[in-house]
4 protein chains.
Amino acid sequence: MTIPKQSIRRNELVVAAAKLFKENSFDRTTVRMLAAATGIKSGSLFHHFKGKEEILVAVIEDGLKKSLKAVQTETQSLTDINQTLFALIYGHLKTLHGPERDAHIVSITEWRSLSDESKQHLITLRDEYEQFWQKIIIEAIDNRLLTGEPTLIRLFILGSLNWSIQWFQPSQGKSIKELAQQFYNMVAK
Amino acid sequence: MTIPKQSIRRNELVVAAAKLFKENSFDRTTVRMLAAATGIKSGSLFHHFKGKEEILVAVIEDGLKKSLKAVQTETQSLTDINQTLFALIYGHLKTLHGPERDAHIVSITEWRSLSDESKQHLITLRDEYEQFWQKIIIEAIDNRLLTGEPTLIRLFILGSLNWSIQWFQPSQGKSIKELAQQFYNMVAK
Amino acid sequence: MTIPKQSIRRNELVVAAAKLFKENSFDRTTVRMLAAATGIKSGSLFHHFKGKEEILVAVIEDGLKKSLKAVQTETQSLTDINQTLFALIYGHLKTLHGPERDAHIVSITEWRSLSDESKQHLITLRDEYEQFWQKIIIEAIDNRLLTGEPTLIRLFILGSLNWSIQWFQPSQGKSIKELAQQFYNMVAK
Amino acid sequence: MTIPKQSIRRNELVVAAAKLFKENSFDRTTVRMLAAATGIKSGSLFHHFKGKEEILVAVIEDGLKKSLKAVQTETQSLTDINQTLFALIYGHLKTLHGPERDAHIVSITEWRSLSDESKQHLITLRDEYEQFWQKIIIEAIDNRLLTGEPTLIRLFILGSLNWSIQWFQPSQGKSIKELAQQFYNMVAK
DNA sequence: CATGAATGAGGTTTCATTCAT
DNA sequence: CATGAATGAAACCTCATTCAT
């Protein structure tokens with residue numbers, strides 16, 4: 001079973017795009033920059049993607065899928081809600097600042113660069129991720145670990161964690177685990 | 001003592017720019033769109049601002065100054081730390097979703113569109129605002145209302161509140177006060 | 001009463017465009033060629049026209065309007081149908097190969113390069129011109145100068161005359177008047 | 001004696017090309033469109049033709065050859081000049097709007113898309129066709145069926161007939177025969 | 001101050017063509 | 001023969017900015 005060559009090149013492009021979009025924003029990244037970063041000519045990009053926006057969509061899709069996988073992996077086999085909530089926070093931060101960092105940052109910052117059609121396509125994935133959080137938040141509220149309305153609490157927590165892309169520098173200063181711990185302490189009773 | 005005519009027009013432009021930058025992003029707002037929104041021609045803009053970026057700087061400066069004024073007003077004359085912390089949160093949210101909403105959103109979302117020089121110029125204002133928070137956070141920690149490292153706590157809280165621009169619709173559903181209350185309940189012991 | 005400067009430049013562009021479109025076809029004429037021919041830079045074109053197609057529309061509109069004016073002028077004050085029919089043929093050929101030649105050729109050859117919307121816009125003008133012919137054709141048939149169905153006869157005659165753009169070289173060999181005379185002799189009884 | 005496989009595929013391509021060139025013009029038809037229409041990929045086209053223009057040449061060559069054959073067939077075995085002239089007109093119209101319609105239309109409309117070299121190659125064929133007409137026209141003039149200079153008359157007539165591609169819709173309204181009859185009535189004494 | 005015209009650099013995209021597999 | 005990937009040139013168009021009037 002071999003991965004087709006095509007998808008290898010496409011994947012390279014998505015990874016390079018994530019990096020560039022993070023560094024310069026989507027609008028300020030030109031297709032020529034992206035081509036140069038992957039060693040091809042700008043026209044060749046359009047064999048793999050219909051247009052520039054499709055590249056952004058691929059990056060964000062990638063980010064969203066990996067977010068979900070990350071928290072699923074982190075929380076699975078846990079039964080205690082305290083542990084689960086912590087694992088959820090930790091898993092989110094771990095992937096947010098891990099190897100997929102660029103894609104996640106782009107997912108967060110460039111959502112509004114998407115056309116309405118593209119949003120439509122991606123919103124399902126985003127909803128799925130948020131539902132995963134919502135269920136655990138509800139359980140935490142039921143167990144008096146958190147108080148308030150589930151949706152509001154979820155928005156507060158995810159916003160706070162996502163905001164860390166603005167200031168957190170991985171591999172310098174705090175570890176992700178410490179970060180998660182302090183955050184957990186702040187919100188959980 | 002009269003306000004010079006020029007500054008009236010300049011102010012109109014900053015307000016219109018804030019709205020457009022919020023709606024379409026800085027990069028996707030053209031100077032022609034801005035000119036059209038204020039009933040002038042694009043060439044005339046350059047009598048008021050040296051370049052497009054100067055307009056962004058003006059918008060963000062506006063937003064930051066008003067943020068500071070808002071929380072100062074809200075917390076002044078309060079002595080109880082519980083009340084002060086709540087007022088800080090409430091004040092932040094009130095101005096964030098109040099009449100200056102556009103400028104605040106632009107301050108938050110378009111920071112990275114600034115050149116390094118412009119960032120230099122604005123960072124003083126931003127620091128001032130953050131220091132205002134920092135002091136109160138420290139007091140709250142000293143009073144066991146919050147726990148953790150002050151800087152981290154500040155970043156968590158401000159991130160969470162700022163994130164509300166992504167989902168909160170003023171004048172529909174929750175009031176700002178309810179929002180502040182729920183948030184306060186979540187983080188304060 | 002002065003003609004605004006703007007329309008002078010626009011008119012220059014339309015004239016230059018007609019020439020280029022005639023020589024290289026619309027598709028093979030680039031906006032840079034057109035800019036070079038008028039001594040401006042390609043971007044400047046878009047102050048005068050929204051897009052390349054709008055230039056084509058302007059050229060064709062010009063051609064159609066001048067066709068109508070030409071045959072109106074040529075036939076006015078004539079009452080005899082023999083003379084009128086000849087004048088119609090002669091007027092058509094005269095403008096077709098006169099100073100407006102380029103625009104007429106473009107009107108004829110590039111009609112199908114128009115978008116549907118542009119066609120919609122121009123078809124009124126074309127209809128007007130054809131109606132002018134139709135009326136005279138009918139009168140000629142009523143006077144037994146021509147025989148057959150008016151619409152068919154009109155299409156036959158106009159097609160034949162228009163086709164002359166493929167082979168007739170003005171100011172070399174036959175005169176327009178001889179051409180008209182021979183054609184008149186061929187179709188009129 | 002078998003027709004080589006290659007030439008079958010080549011012929012399919014020429015037929016498909018004629019249709020596409022007619023519908024979208026040569027310039028607006030991409031090799032990818034042509035490939036898609038024949039169920040192959042664009043790279044494969046270049047095994048059958050050296051370049052895009054060679055396809056156009058093949059289409060036009062096809063059209064011209066079939067025109068000649070059509071009028072030869074239609075007029076052969078006729079001796080009466082009245083009948084011959086009518087047959088010439090009828091034969092031209094019949095093939096122009098018959099099964100080879102696309103190729104004929106392309107021959108007429110895309111002549112100017114040819115490079116000078118290609119024109120050189122095809123002009124012999126076109127001349128041959130025109131000479132066939134010329135001879136009959138001369139005979140008709142000698143018999144007072146037509147009046148005027150042979151070349152001019154030929155250009156008038158062929159132009160008129162060719163123009164019918166702009167307005168005639170086969171299999172709706174008039175028959176080809178009626179068309180031919182009305183045209184014959186118009187020009188012949 | 002305001003404007004219309006022009007600039008020039010650069011943007012995304014298209015497309016015929018080539019070629020290794 | 002067929003293909004998918006790549007090329008490279010060029011296409012149309014955008015836009016912040018300048019400046020004479």
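Chain A is the first sequence line, chain B the second, and so forth, proteins listed ahead of strands; every chain is numbered from 1. Because only heavy atoms are used, hydrogens play no part in the values below, and waters and symmetry mates are left out as well, while side chains stay in.
Using a 4.0 Å heavy-atom distance criterion, A/T38 is classed as making no nucleic acid contact. Counting non-hydrogen atoms under 4.0 angstrom, A/T30 reaches the backbone sugars and phosphates but no base. Looking at heavy-atom distances under 4.0 Å, D/I40 makes contact with sugar-phosphate atoms alone, never a base.
Residue order along DNA chain F, read from the 5' end via each residue's closest nucleotide, puts C/R32 first among B/T29 and C/R32. Along DNA chain F, the nucleotide nearest C/G43 and the nucleotide nearest C/R28 are compared for position; the residue whose nucleotide lies closer to the 5' end is C/R28. Toward the 5′ end of DNA chain E lies the nearest nucleotide of C/S42, the other residue of the pair A/G51 and C/S42 mapping further downstream.
At whole-Å resolution of the value, CG in A/L45 and P in E/dC15 are 17 Å apart. Distance, D/K41 NZ to E/dT18 C1': 18 Å, rounded to whole Å. The interatomic distance linking A/R10 (CZ) with F/dG4 (P) rounds to 16 Å, in whole Å. When the C1' atom of E/dG4 is taken as reference, atom CZ of C/F46 falls 18 Å away, rounded to whole Å. For D/L34 and E/dT17, the CG to P distance is 12 Å, given to the nearest whole Å. A straight line from CG of C/L56 to P of F/dC12 spans 13 Å, rounded to a whole angstrom. At whole-Å resolution of the value, CZ in C/F49 and P in E/dA5 are 12 Å apart. Rounded to whole Å, atom P of E/dC15 lies 9 Å from atom CE of D/M33.
Between D/V14 and D/F49 the shortest side-chain heavy-atom distance falls below 4.5 Å. A 4.5 Å side-chain heavy-atom check between D/K65 and D/L125 finds at least one atom pair inside the cut-off.
Remark: B/H47 is not in phosphate contact with E/dT3, judged by side-chain N or O atoms under 4.0 Å from OP1 or OP2. Taking 4.0 angstrom as the limit, B/K52 places a side-chain polar atom (N or O) nearer than this to OP1 or OP2 of F/dA16. Taking only side-chain nitrogens and oxygens, B/R9 comes nearer than 4.0 Å to OP1 or OP2 of E/dA2. At the phosphate of E/dA2, OP1 or OP2 sits under 4.0 Å from a side-chain N or O atom of B/H48. Contact check, C/S44 against E/dT7: a side-chain N or O comes under 4.0 Å of OP1 or OP2.
Between D/D102 and D/K19 no salt bridge is recorded (no basic side-chain N to carboxylate O distance below 4.0 Å). Look at C/E110 and D/R112 and you find a salt bridge, because one of the NZ, NE, NH1 or NH2 atoms lies within 4.0 Å of a carboxylate O, short of that distance.
A cation-pi contact, defined as under 6.0 Å to the ring centre and within 45° of the axis, is absent between A/K52 and A/F46.
Scored by the side chain to side chain contact (heavy atoms under 4.5 Å, CB included) test, C/V57 finds C/E61, C/L114, C/S118, C/H121, C/L122 as partners (sequence neighbours excluded).
A side chain to side chain contact (heavy atoms under 4.5 Å, CB included) with A/F21 is found for exactly one of A/T109, A/I105, A/I55, namely A/I55.
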Could you go through the side-chain contact (heavy atoms from CB on, under 4.5 Å) check for C/E100 and C/S67 one step at a time? CA-CA 9 Å; C/E100 313 297 339; C/S67 287; over 6 Å; no
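Paired runs in DNA chain F that reach 3 or more consecutive Watson-Crick or G-U pairs, where each pair keeps both distances under 3.5 Å, cover E:2-21 with F:2-21.
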